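To start, the structure under review is shown below, and the notes come after it.
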Amino acid sequence: MRLMVFWERMADHFGAGYADSFARDHVMAELGGRTIHEALAAGWSAKEVWRVVCAVMDVPQSKR
């Protein structure tokens, strides 16, 4: 998954205004105690991070 697609999906699910805030502030144990931005910077792929977001935040199957 390209990073651009990841951010499009984040905006679609959380809303354009909240997606980046959520990605900066919400620490997830499933990402090794990191935020989304930290996980991506640490080398996690966008696809891996999106899978975690989907699982943790109950993203509907239709948006996965």
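As the structure is a prediction and not an experimental result, all values here were calculated from the model. Numbers here are sequence positions counted from 1.
Contact between Val49 and Leu40 at its shortest, heavy atoms only, is CG2-CD2, 3.8 Å. Of all heavy-atom pairs spanning Ala23 and Thr35, the tightest one is O-CB, 3.3 Å.
Partners of Ala42 by side chain to side chain contact (heavy atoms under 4.5 Å, CB included), not counting sequence neighbours, listed by chain and number: Arg34, Trp44. For Glu8, the side-chain hydrogen bond (donor to acceptor under 3.5 Å, both in side chains) test picks out no residue, with sequence neighbours left out.
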Kindly list each side-chain donor-acceptor pair under 3.5 angstrom involving residues 50-62, sequence neighbours excluded, with atom names and distances?
none

Show me the donor-acceptor pairs, under 3.5 Å and distance only, between side chains in residues 9-20 and residues at least two apart or in other chains.
residue, atom, partner, partner atom, Å
Arg9, NH1, Arg64, O, 3.3
Asp20, OD1, His37, NE2, 2.8
Asp20, OD2, Arg24, NE, 2.8

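Using a 4.5 Å cut-off between side-chain heavy atoms of Ile, Leu, Val, Met, Phe, Trp and Tyr, with links allowed through other members, Val27 and Phe22 fall into different hydrophobic clusters.
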